[in-house]
Each structure stands twice: as C-alpha cells, then as structure tokens.
Amino acid sequence: MVNMRSIFKISLSNIKKNKMSNILTGMIFMLAALIFSIAIAMLIMSREPFDKTFNELNVSHTLMYYSEKANGDKAIQQFWDNNEKVASTIHFNMTYLDGKPKISGENIDTYLIAVEVPLKDFSQDKLKVVNGENKKGPDENEVWISTAFASDNKLSIGDIIQLPGKKGLYDYKVSGIVVDPHYSVGTNNPTRIWIREGELLKNFTEQTGDLLGIRFKDYSEKMELTEWKNFEKYLGGNFVGSKKDYSSLVTAYTSEYKNIGMVMMALSLIIVLFSVVTLSFTISNMILNDYKLIGVYKAQGFSTKNVMGIYLLNYMLLTICFVPLGIAVSFPIINVLVQNMVSVLGMSNTDLSFLPSIFVTVVVFFLIIGGATLKAISKTSKIKPSQAIRYGEPEKKKIKNSKIHFEKMRTKSVVCMLAVKSMSKNYKQAIVVGFCALVTSLMLTFAYTCVESYNNALSDPGLIGWDWSEAT
C-alpha cells in the first residue's frame, strides 16, 4: 500500500532533478497568471469606482439640453417631476459658448457649455472640488472646470481662460477643479464649465437655455427608453435638443479599461495555450525518460493513479509556488491602472477589493494546469511493468523523410542547419511557437492602436468608432 508521503517525496525529488525545466515551466505559469490577473481585475473593477462616485454625488441618469420655446413651450421639468418612476430632477441655466476659448493666447479644440452654479444648495449632480477652495460655487469672473478638462489642457488653480462672449473674450480665473461626473472623462466635446449665477446673461447670451437632470428610482435602460417614448408623446413630436444618458456615460468611463482588460485577457490566453502545449511536451518527455522507473514503481505496488499522482503533484506544487507569485507581481500594475482610473473621479481612497480577481485567477489556473497535466500523464496507464523494466522506453517512430535537402545547405552555418533540422523533426512545436508569436505580435499592435486611438479621440472620435454625438 503506497502512502501519500512516498508520492510527495518522489515528486520533490523529480522537481530537484529537473530543476531548470521546472523553473522555466513555473516562469511561464507566473507570466500567464500575471497578465490574466490584470485582465480580470480590469474587467471586474473598471465599473466599481464609477458607481461609487455616481451614487455619492447623486448623479442624474439623464441630462437634457434644450429650450422650452423650441419644444412648444411645454412644461418639460413638470412632466418629469410628475413621473412616478423619477426620484428627483434638477434644473440649471446654461448656454453653448459661441466660439473657441483661448488658453495662454492660443485657441483650443474644445467647445464649451457654460452652466451656472445655483446660489442655493442642491443635492443632485453635486460637484466635488478636488483642487481649490471648497465653497458653494465660483465667484465673479471665476470658473470651475472638470478634472478631465484641466488635465487635457494642463490647467491649474489661478490660470486664466479666455471665454468667447457678447463683447469678445472675457478673462476667467480657474478657482476650482471639480469632479463633474458627466464630463470628467476626456472624450467630451463640447465639455462643461461652471460659472457664477447671473453671469450668463451678463456676459454670454441674451437668453439662457435649459439643462435638466433626471434621476430615476430604479434605473434600467429599457425603462428609460419607455419613459422617453412617453415623454415624446407628451411633446407631440420629437424632442428638440440633445440628451446624455447613463449608458453612454458608463461606456465613456469604462470602455478604455475594459478594452485593456480584453487585450490582456487575449494575451494571457495565448500564453496559457503555449504553457499547456509546453507542459504536454515536457510531461511526454519525462514519461519517456522515466519509462523504466515507472515500471519499477508499478512493480513495487504503485497503482496507475499513484504514478499519475506523482506527476500531478509535481505540477500542482509548481502552480502553488508560481501562480501566487504572478498574482502578487500584478498588484502594483493594477494599482497604477486603478489610480489612473479613479483620479478623474477625485477618489483618494479606493477601497477596491482584489479578492475576486485573485479567486478567479487561482481557480482557472488550477483547473487548466491540473486538466492539462492529467491529460498528458494518462499515457502512464498503458505502461506495463515487465516490459518497461526489461526493454525500457519504446522505440520512437521513424520520422518521415524531410523535404528539406540538407546537402544544399552546406554553405549555411552549422547553427542554422541544426536549427532547421530541429524544426523539421519537431514541426508541431515549431508551428505552435510560431502561431503564438504571431498572435502575440498582433495583440500588442492592437493594444498600442487602442491606446493611441483613445488618446486622440477628443480631436477625432472616429478613431474609436464614435461620431461626434457619442463623444459629447
């Protein structure tokens, strides 16, 4: 009767005997776990900071920019206030600025929507000041800007923005950089700025427009669509104005990080595929090298399951050592990505949990490595002790004649000839490695293209498949 202690001792002995091979295999496991852990974290955690900020600032699910006169003088806010599915509404005075603003004497490519901060307290669509004096609103000739607008234009407290108005350009001092949930992401054009109540009519327009924020009780995209149809029935036609809804807002915040996660996931799966193929070849070679030894084990009372357990335990120990190491190395990288994600939301303490990504990574890798190992070591069940001890490993099948004529390659270097010969003998491994290298290069190119497209999306939304209506 074979006990677990014997199997454990033999597994440790095998690990020490094939130290270099096991370290290389473990490094592949670690790299795959590192990239997979980052991918899972981005896919799982990209939404959480946004949801926290959305609820903390009591943000509207729908924003409507309009003029009641253009909509037949209908009482639009009253319609939504009387809707039983609406939790609350808030109204702001606004106008689209006619022309491009200037910073340091130069025009910028972003158009602006100027909105007045109400003098009275408001509990919906609250603004969170992350830089500057925390007060009710900007003073005269002062402006509050979003974190994204400040970052894109390298603006800080005290800088001057020249805003186009009724009598040319007006100098406004940046007195606050705020988390403006609907606009604290860099793909908005026009974007929103906040000024003191009363300054729209004074400096920018003869008649203000309306900005209405609507927050639903139990939001769903389907419910919002239904209520919007009811609203247009009330108007007696199509709504004249523009609308910004919750789904487009979520997409704007999370799409970049979800795309990063998907690219990383694809890369990790390629590496996992490579590691599984490598594992299969490694185990096959180990079985051939230990063929006679396996026969001895079986002759001494080891069952097929015991022998399989030796090799399974070998790779499970490697998994236990290297997969957690890969996950641990991923934490600093995830932290950098998460900090970048939450910086525009003004969150200093993220309190985000890594447990879901850790759990998923560990479970997936144990299942994949365990399954691949069991599949590869199932060949040991066919080994008969007497034949294995007497004859050793079976003769390898003769390799088919290669179509490569080595005599014609005499002018080439010895290294080149040996490499080609090795590839011709192990053509399956060569194909797998070549395929993995090809797909990896394609994914890296795709990742670089995605990052560059998002960086330039403000000037050309078509780079990420949007049009101007989706980027505003």
Side-chain angles (χ1 to χ4, degrees), residues 40 42-66 71 74 76-92 113 123-126 146 148 179-192 210-262 265 341-342 344-345 352 356 450 454 457 461-462 464-472:
I40 291 294
M42 287 297 97
L43 293 174
I44 293 176
M45 297 165 63
S46 61
R47 181 74 177 266
E48 195 175 340
F50 168 76
D51 286 337
K52 282 187 176 183
T53 301
F54 192 88
N55 293 322
E56 180 188 337
L57 300 180
N58 201 33
V59 179
S60 298
H61 291 102
T62 303
L63 284 184
M64 297 170 57
Y65 296 90
Y66 64 96
N71 286 279
K74 295 281 188 178
I76 290 176
Q77 184 173 7
Q78 186 178 346
F79 170 84
W80 291 107
D81 282 338
N82 293 334
N83 189 316
E84 61 182 14
K85 293 182 180 178
V86 172
S88 60
T89 64
I90 187 166
H91 178 272
F92 299 101
I113 306 168
S123 59
Q124 187 174 331
D125 286 340
K126 294 182 286 186
S146 70
V179 175
D180 184 352
H182 291 97
Y183 288 88
S184 281
V185 64
T187 52
N188 289 292
N189 193 3
T191 192
R192 184 162 64 180
D210 300 287
L211 167 57
L212 184 67
I214 304 164
R215 185 171 176 88
F216 294 96
K217 291 176 182 175
D218 295 306
Y219 176 84
S220 72
E221 201 169 335
K222 185 178 179 182
M223 182 270 290
E224 183 192 29
L225 186 61
T226 302
E227 295 308 312
W228 188 259
K229 287 179 180 177
N230 293 336
F231 169 63
E232 290 195 322
K233 283 181 184 177
Y234 165 74
L235 292 179
N238 292 330
F239 169 68
V240 180
S242 61
K243 178 170 80 93
K244 195 175 182 73
D245 57 32
Y246 179 74
S247 58
S248 63
L249 183 60
V250 172
T251 300
Y253 273 100
T254 62
S255 58
E256 181 176 1
Y257 298 98
K258 282 188 175 178
N259 283 341
I260 291 172
M262 289 170 66
M265 178 66 74
M341 188 194 312
V342 302
V344 295
L345 298 172
L352 300 177
C450 284
Y454 274 100
I464 55 173
W466 289 2
D467 58 28
W468 282 108
S469 65
E470 292 173 297
T472 58

Could you tell me the separation between the [atom1] atom of [X] and the [atom2] atom of [Y], rounded to the nearest 0.5 Å?
| X | Y | atom1 | atom2 | value |
| --- | --- | --- | --- | --- |
| T89 | Q77 | OG1 | CD | 4.0 Å |
| L211 | Y66 | CG | OH | 8.5 Å |
| M42 | M262 | CE | CE | 14.5 Å |
| L212 | F92 | CG | CZ | 9.5 Å |
| T251 | K258 | OG1 | NZ | 7.5 Å |

Minimal non-hydrogen separation, [X] against [Y], with atom names:
| X | Y | result |
| --- | --- | --- |
| K244 | H182 | CE-O, 3.1 Å |
| P181 | L57 | CG-CD1, 3.6 Å |
| F239 | Y65 | CZ-O, 3.8 Å |

Hey, are the side chains of [X] and [Y] touching, using non-hydrogen atoms and a 4.5 Å cut-off?
| X | Y | result |
| --- | --- | --- |
| T62 | W80 | no |
| D125 | L63 | yes |
| T53 | V179 | yes |

Which residues share a salt bridge (charged side-chain N to carboxylate O under 4.0 Å, His left out) with [X], sequence neighbours left out:
| X | answer |
| --- | --- |
| D81 | none |
| D245 | K243 |
| E227 | K85 |

Practice item. Check side-chain contact (heavy atoms from CB on, under 4.5 Å) between Q124 and all other residues, then give those that pass, not counting sequence neighbours. Key: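 side-chain contact (heavy atoms from CB on, under 4.5 Å) list for Q124, sorted by chain: N58, S60, S88, I90, R215.
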Exercise for review: Not counting sequence neighbours, which residues clear side-chain contact (heavy atoms from CB on, under 4.5 Å) with S220? List them please.
Suggested key: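 Once residues adjacent in sequence are excluded, the partners of S220 under the side-chain contact (heavy atoms from CB on, under 4.5 Å) criterion are K222, M223.
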Practice item. Step through the shown structure and confirm whether more than 12 heavy atoms of other residues, nucleotides or ligands are within 6.0 Å of CD on E221. Key: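 Open.
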Exercise for review: Verify the neighbour count for atom CG of D218: are there more than 12 heavy atoms of other residues, nucleotides or ligands below 6.0 Å?
Suggested key: no
Practice item. For Y219, check side chain to side chain donor-acceptor pair (under 3.5 Å) against everything at least two apart and list the hits. Key: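 Result, side chain to side chain donor-acceptor pair (under 3.5 Å) vs Y219: E224.
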Point to revise | Plane angle bin for F79 and Y234 - parallel if under 30°, tilted between 30 and 60°, otherwise perpendicular | key: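 The rings of Y234 and F79 lie parallel, inter-plane angle below 30°.
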Practice item. Give me the ring orientation class for H61 and F216: parallel if the planes are under 30° apart, tilted from 30 to 60°, perpendicular past 60°. Key: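 Answer is tilted, since the angle falls between 30° and 60°.
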Review point. Do Y246 and F54 make the cut of ring centroids closer than 6.0 angstrom?
Key: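 Here the rings of F54 and Y246 have centres that are less than 6.0 Å from each other.
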